[in-house]
Amino acid sequence: MAVSLDNLSDLLVFVRVADARSFTLAAERLGISRSSAGKSVNRLEERLATRLLHRTTRSVSLTEEGLVFYEHALRILAEVDEAETAINQRHQTPRGRLRIDLPVAFGRLHILPILRDFLVQWPEVDVEVTFSDDYSDLVRDGIDLAIRIGGNDDSRLVRKVLAPHRLITCASPGYLDNHGVPQTPDDLVDHHCLVFSHQGMPVPWRYQVNGQHRDEQVGGRMRFNNTEALRDSALAGVGLSQLGAFLVGEQLSAGTLVPVLERYCRAEAPICAVYPTRRYLSPKVKRFVGEIENRWGGKAIWEPT
């Protein structure tokens, strides 16, 4: 008679009892009571209408039918183990397409090098990268992960802080020699300021004055919607600029750009990984975010030391 086994745990108990030749030892190894072990084997025997074990006060041994069933049970449990291993490995191994949205300059300078190494380490992953300084809709656009400077309050998204961020006002040594060094944000009115334009609007420079945040609307003859062009113009001595530390760390260390108004510098919204809320985060996203965390250690590694 064909029998359907509804509970693999009974099968496991039977195998452990047969291996240990003892209900008591098997129960201890499985972390259950001896009574539970006995009930599991009894359920199997009732389903099969066959005695599987000879029981005495001193020992337990397999019947002839029990031995046949034991061999099949071992194969079934081995296949279950193999299935669990395959699923676990799939859950742990990054694979498939990783869709990432990155800020233009920050992504190129600080994320792409990590991403290239990640692809070498995980050959079953391929990536699709988009660059934008605007906040795309991750859920609507099917994006797995975005790196953002700051973030928003979209409840559909998880936000994980990766590193601090600050803005640095700076200029070339030649510009400062020719035009002087501003001492307060009020002095900017007398300087050539290189302005970043976002969505057609000039972005104010941000400071902290007397413990209060202050946005300074600066004027200048040159506006850019690209921060790297802004930095290059500052390097050329055209004027002062306010840029993310991630963009000018190398130049500040080399002395080709000089920071000013440092006492008025304020902490900005941090650099974050942002991804759609999911119960189970895919290995490709989890491992890539983990790789960034390992590289940076929560610090702005691009800052001058």
Side-chain angles (χ1 to χ4, degrees), residues 93-152 157-168 170 196-199 203 224-235 241-254 256-257 268-276 281-305:
T93 302
R95 55 167 50 87
R97 175 157 298 180
L98 177 61
R99 301 191 66 197
I100 306 179
D101 188 61
L102 301 176
V104 179
F106 184 83
R108 187 184 67 80
L109 290 171
H110 301 291
I111 301 297
L112 284 188
I114 300 175
L115 186 57
R116 287 192 287 265
D117 292 343
F118 183 78
L119 291 178
V120 172
Q121 183 179 4
W122 303 108
E124 294 184 64
V125 175
D126 60 272
V127 297
E128 180 179 334
V129 183
T130 56
F131 290 91
S132 175
D133 289 325
D134 295 323
Y135 287 171
S136 57
D137 188 322
L138 273 61
V139 177
R140 181 196 64 200
D141 298 335
I143 295 171
D144 297 304
L145 171 69
I147 304 299
R148 290 181 172 171
I149 301 172
N152 59 14
L157 304 179
V158 176
R159 180 171 171 266
K160 190 178 185 65
V161 174
L162 298 174
H165 166 59
R166 69 187 183 110
L167 296 170
I168 297 178
C170 56
F196 179 62
S197 179
H198 182 62
Q199 296 181 341
V203 175
F224 303 84
N225 68 352
N226 179 281
T227 54
E228 290 177 284
L230 202 64
R231 178 198 61 195
D232 292 345
S233 295
L235 283 167
S241 183
Q242 188 176 77
L243 295 162
F246 66 83
L247 189 62
V248 294
E250 181 179 339
Q251 290 74 25
L252 294 174
S253 295
T256 52
L257 287 176
E268 300 292 331
I271 294 164
C272 300
V274 179
Y275 45 87
L281 187 61
S282 68
K284 59 191 176 186
V285 174
K286 184 176 182 179
R287 290 295 182 95
F288 186 62
V289 172
E291 184 62 26
I292 296 174
E293 290 179 307
N294 289 338
R295 295 283 189 100
W296 298 350
K299 301 177 182 177
I301 63 170
W302 43 84
E303 288 269 15
T305 55

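Position 1 is the first residue of the sequence; numbering continues from there. All values below were derived from every heavy atom in this structure, side-chain atoms included, with hydrogens, water molecules and symmetry-related copies excluded.
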A.B. asks: Find out whether the Lys NZ or Arg CZ of R148 is both under 6.0 angstrom from the six-membered ring centre of Y135 and within 45° of the ring's axis.
C.D. replies: yes

A.B. asks: Locate the shortest heavy-atom distance separating P103 from D133; write the atom from each residue and the value.
C.D. replies: CA-OD1, 3.6 Å

A.B. asks: Do L98 and D126 come within less than 4.5 Å of each other through their side chains, counting heavy atoms only?
C.D. replies: no

A.B. asks: Output the distance between atom CG (L247) and atom CG (L230), rounded to the nearest 0.5 Å.
C.D. replies: 8.5 Å

A.B. asks: With side chain to side chain donor-acceptor pair (under 3.5 Å) as the criterion, how do Q199 and N225 come out once you've worked through the C-alpha distance, each side chain's angles and the decisive distance to 0.1 Å?
C.D. replies: CA-CA 8 Å; Q199 296 181 341; N225 68 352; over 6 Å; no

A.B. asks: Determine the interplanar angle of the W122 and F118 rings, folded into 0 to 90°, and report it as parallel if under 30°, tilted if 30 to 60°, perpendicular if over 60°.
C.D. replies: tilted

A.B. asks: Any idea which heavy atoms bring G249 and P304 closest together, and the distance?
C.D. replies: O-CG, 3.9 Å

A.B. asks: Under 3.5 Å, side chain of H165 to main-chain N/O of G244, donor-acceptor pair present?
C.D. replies: no

A.B. asks: Can you name the nearest heavy-atom pair linking P276 to L138, along with the distance?
C.D. replies: CD-CD2, 4.0 Å

A.B. asks: Are I100 and D144 side-chain neighbours, meaning at least one heavy-atom pair lies under 4.5 Å?
C.D. replies: no

A.B. asks: When rounded to the nearest 0.5 angstrom, what distance separates CD1 in I114 from CD in Q121?
C.D. replies: 12.0 Å

A.B. asks: List the atom of L145, the atom of F288, and the distance in Å for their closest heavy-atom pair.
C.D. replies: CD2-CD2, 3.5 Å

A.B. asks: Using the salt bridge (charged side-chain N to carboxylate O under 4.0 Å, His left out) criterion, which residues pair with E128? Sequence neighbours excluded.
C.D. replies: R97, R99

A.B. asks: Hey, can you tell me if W302 and F106 have their rings parallel, tilted or perpendicular (30° and 60° cut-offs)?
C.D. replies: perpendicular

A.B. asks: Have a look at V274 and tell me which of I143, D101, L157 forms a side-chain contact (heavy atoms from CB on, under 4.5 Å) with it.
C.D. replies: L157

A.B. asks: Tell me whether R295 is salt-bridged to E291, with the criterion being a basic N under 4.0 Å from an acidic carboxylate O.
C.D. replies: yes

A.B. asks: Give me the atom names and distance for the closest heavy-atom approach of C170 to V248.
C.D. replies: SG-CG1, 4.4 Å

A.B. asks: Charged N to carboxylate O under 4.0 angstrom, K160 versus E293?
C.D. replies: yes

A.B. asks: Report the residues that fulfil ring-ring contact (aromatic ring centres under 6.0 Å, His included) with F224, sequence neighbours left out, ordered by chain and then residue number.
C.D. replies: none

A.B. asks: Would you check if S282 and R287 make a side-chain contact, meaning some heavy-atom pair closer than 4.5 Å?
C.D. replies: no

A.B. asks: Within the 4.5 Å heavy-atom criterion, are E303 and I168 side-chain neighbours or not?
C.D. replies: yes

A.B. asks: Determine whether a donor-acceptor pair (N or O, by modelled atom type, separation under 3.5 Å) exists between the side chain of S241 and the backbone of L243.
C.D. replies: no

A.B. asks: Which atoms form the tightest heavy-atom contact between R159 and C272, and what is the distance?
C.D. replies: NE-SG, 3.5 Å

A.B. asks: T227 vs V104, test: side-chain contact (heavy atoms from CB on, under 4.5 Å). Steps then yes/no.
C.D. replies: CA-CA 9 Å; T227 54; V104 179; over 6 Å; no

A.B. asks: Check whether any side-chain heavy atom of F131 lies under 4.5 Å from a side-chain heavy atom of I111, and answer yes or no.
C.D. replies: no

A.B. asks: I want to check something: taking the side chain as every heavy atom from C-beta on, are P164 and I271 in contact at a cut-off of under 4.5 Å?
C.D. replies: no

A.B. asks: Within a strict 4.5 Å, meaning less than it, do heavy atoms of the I292 and I147 side chains meet?
C.D. replies: yes

A.B. asks: Could you work out, with side chain to side chain donor-acceptor pair (under 3.5 Å) as the rule, every residue matching D137, not counting sequence neighbours?
C.D. replies: R156

A.B. asks: Is the shortest side-chain heavy-atom distance between L257 and R231 below 4.5 Å?
C.D. replies: yes

A.B. asks: Apply side-chain contact (heavy atoms from CB on, under 4.5 Å) to the pair V120 and R116, showing each step before the final yes or no.
C.D. replies: CA-CA 7 Å; V120 172; R116 287 192 287 265; over 6 Å; no

